[in-house]
Number of protein chains: 2
Amino acid sequence: MKSTKNAQVTLKEATAISTPKRSKRKAVPSKAKGVERIVGSVRKRNQTKILKAAEAVFAEKGFDGATTAEIAARTGVPKANVHYYFGTKQQLYDRLIENILEVWLDALDVIRPDAEPAQALGEYIERKVRASRDWPESSRVWAIEIIGGGRNVSAFLKGRLRQEVREKGKVLAKWAKDGRMDRVDPAHFMFLLWAMTQTYADFAAQIAAVLAKDRLNDKVFQTAEETIKSIILKGCGIKQEKV
Amino acid sequence: MKSTKNAQVTLKEATAISTPKRSKRKAVPSKAKGVERIVGSVRKRNQTKILKAAEAVFAEKGFDGATTAEIAARTGVPKANVHYYFGTKQQLYDRLIENILEVWLDALDVIRPDAEPAQALGEYIERKVRASRDWPESSRVWAIEIIGGGRNVSAFLKGRLRQEVREKGKVLAKWAKDGRMDRVDPAHFMFLLWAMTQTYADFAAQIAAVLAKDRLNDKVFQTAEETIKSIILKGCGIKQEKV
DNA sequence: GTCTATAACCTGATAGAC
DNA sequence: GTCTATCAGGTTATAGAC
């Protein structure tokens, strides 16, 4: 997981700007160059399309199960182009993995010593549930990676993530010391928050089937958020100083 | 998921009886036949060994990523034997999937209208955490299956599982009506219980890395159980009528 | 029952024509 | 920059010798 932030396409940035629902734009109109200057070069658009397709395939099959042929087919480009743009399958996967953690790590920022526990944890839960709703496939790629042993991300797990948990754990300990919440094992508390929020992305198929729905709609995610908030906040003795 | 309970080998039964830690028993001693009568025929022992290896490989790579060659290699038999015993890769996988849910569904039995909420939910959590500790690979095979869309188990999800959730949901509603716990969305409550307990099997690699351990030991599972119990019981307003 | 050998096909990756 | 054609190696599955 080397940093590749510099000027490269990331899925989340790019999809936020471009990717019109699903128009067949094989033959780019003559005005394309003007558009390109706004949404990015043909190169960038192709890269984005490939990344999007790759994310879907890796999320469904895992690294070993995914094939470059399927990624190419879903993108609508020849298989050779995938390799032309991203080199090996492993490099394509690595690139994708790097983008996944941004939202999750950003969300952690709200847990600060000076924050009000109910408000901070509430917002953290909101953000994590929203991430599960908006980028479920990112979550699934990550989940399959970890279930498979996490060999592609072990440096991150033992480094940055461990450090984040230690730091945020101190905040929780302080809140407990100040009598603003119960004393809970801070690491386990975070494992449980992650599990609860991410299950709505990772286990969406199971949840949808049980709820007799085709897919999880906004209402489901809202109930999820409320249920998690209510159980967590009350469960570790946080007074709702304001609702 | 057709029923195949009748006299066939299941992983859990078989491993409970046989599978000595890891002894190289390629050349079976002359007394083997006596042993066979106790632990099962050569056929059954081979089937069990293959099932065990297959579970590990499917848990790590998912269905598409797993190869019969690797399953055979880990078992220590020629690849052809795997097909001889189990037919296709799909049939082997199906067989494995069938065995996974037993423990989970059995655990649900403790949630009964006449039970005491704190005791029943406490025991349910205990059982589910124990399942994550004792059969983590079963949990992971299931997780990868669901993350990939659950196409091999959709009948179970929409049938039996939906029905179980509806039934147990009624129990929770009754407890709430009787003022023994808060009113929470029963389906979501169960999704969260599953997520919290199963994360210790599915995300074991991440949890171990963050906790700076090689693997999750008994103490970790005990803290997990206590933390989940404490947050869940308090979080939905269940009085600990007895500890 | 068991396993070697092989058929038929798929996969990642690239050379080289356009 | 793009994509067809192709290679070397891997994959499921089975025929047939033992």
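Every chain is numbered from 1, with letters handed out A, B, ... down the list of sequences.
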Inset, instruction - Determine the contact category for B:Phe86: base if any of its heavy atoms lies under 4.0 Å from a base atom, sugar-phosphate if only primed atoms, P, OP1 or OP2 are that close, otherwise nothing. - result: nothing
Inset, instruction - Would you please confirm or rule out a distance under 4.0 Å between OP1 or OP2 of C:dT11 and any side-chain N or O of A:Thr68? - result: no
Legend entry - Carboxylate-amine/guanidinium proximity below 4.0 Å for A:Glu225 and A:Arg133: no
Inset, instruction - Look at the side chain of B:Lys79 and decide which nucleotide, out of D:dT12, D:dT2, C:dA13, has an atom nearest to it. - result: D:dT12
Legend entry - Shortest non-hydrogen separation from A:Ala54 to A:Leu92 and the atoms involved: CB-CD2, 3.8 Å
Inset, instruction - Under 4.0 Å between any heavy atoms, over every strand shown, what does A:Ala66 touch: base, sugar-phosphate, or nothing? Just pick one. - result: sugar-phosphate
Legend entry - Shortest non-hydrogen separation from A:Val210 to B:Leu157 and the atoms involved: CG2-O, 4.3 Å
Inset, instruction - Using atom CD1 of A:Ile71 as one end and atom P of D:dC3 as the other, report the distance to the nearest whole Å. - result: 17 Å
Inset, instruction - Would you indicate, yes or no, if C:dC3 has its OP1 or OP2 atom less than 4.0 angstrom from a side-chain nitrogen or oxygen of B:Asn81? - result: yes
Inset, instruction - Check the distance between D:dT14's P and B:Tyr85's OH and give it to me in whole angstrom. - result: 17 Å
Inset, instruction - When you get a sec, tell me which of D:dT2, C:dT2, D:dC3 is the closest nucleotide to the side chain of A:Pro78? - result: D:dC3
Inset, instruction - Nearest whole angstrom, please: distance from the C1' of D:dT14 to the CD of B:Gln91. - result: 14 Å
Inset, instruction - Could you state the atom-to-atom distance from OH of A:Tyr84 to P of C:dA15 in whole Å? - result: 14 Å
Inset, instruction - Could you work out which one of C:dT2, C:dG12, D:dT2 sits closest to the side chain of B:Asn46? - result: C:dT2
Inset, instruction - Output the single nucleotide from D:dT12, D:dT14, D:dT4 whose closest atom is nearest the side chain of B:Ala80. - result: D:dT14
Legend entry - Atom-to-atom span, CD of A:Glu70 to C1' of C:dT11 - whole angstrom: 13 Å
Inset, instruction - Calculate the interatomic distance between A:Phe58 atom CZ and C:dT11 atom P; express it in whole Å. - result: 13 Å
Legend entry - Distance flag, aromatic centroids of B:Phe191 and A:Phe203, threshold under 6.0 Å: no
Inset, instruction - Please state whether the phosphate of D:dT14, meaning OP1 or OP2, lies under 4.0 angstrom from any side-chain nitrogen or oxygen of B:His83. - result: no
Legend entry - Euclidean distance, atom CZ of residue B:Phe63 to atom P of D:dT11 [Å, nearest integer]: 14 Å
Legend entry - Non-hydrogen atoms of B:Thr199 and B:Ile207 that approach each other most closely: O-CD1, 3.7 Å
Inset, instruction - Could you check how far NZ of B:Lys89 sits from P of D:dT14, rounded to whole Å? - result: 14 Å
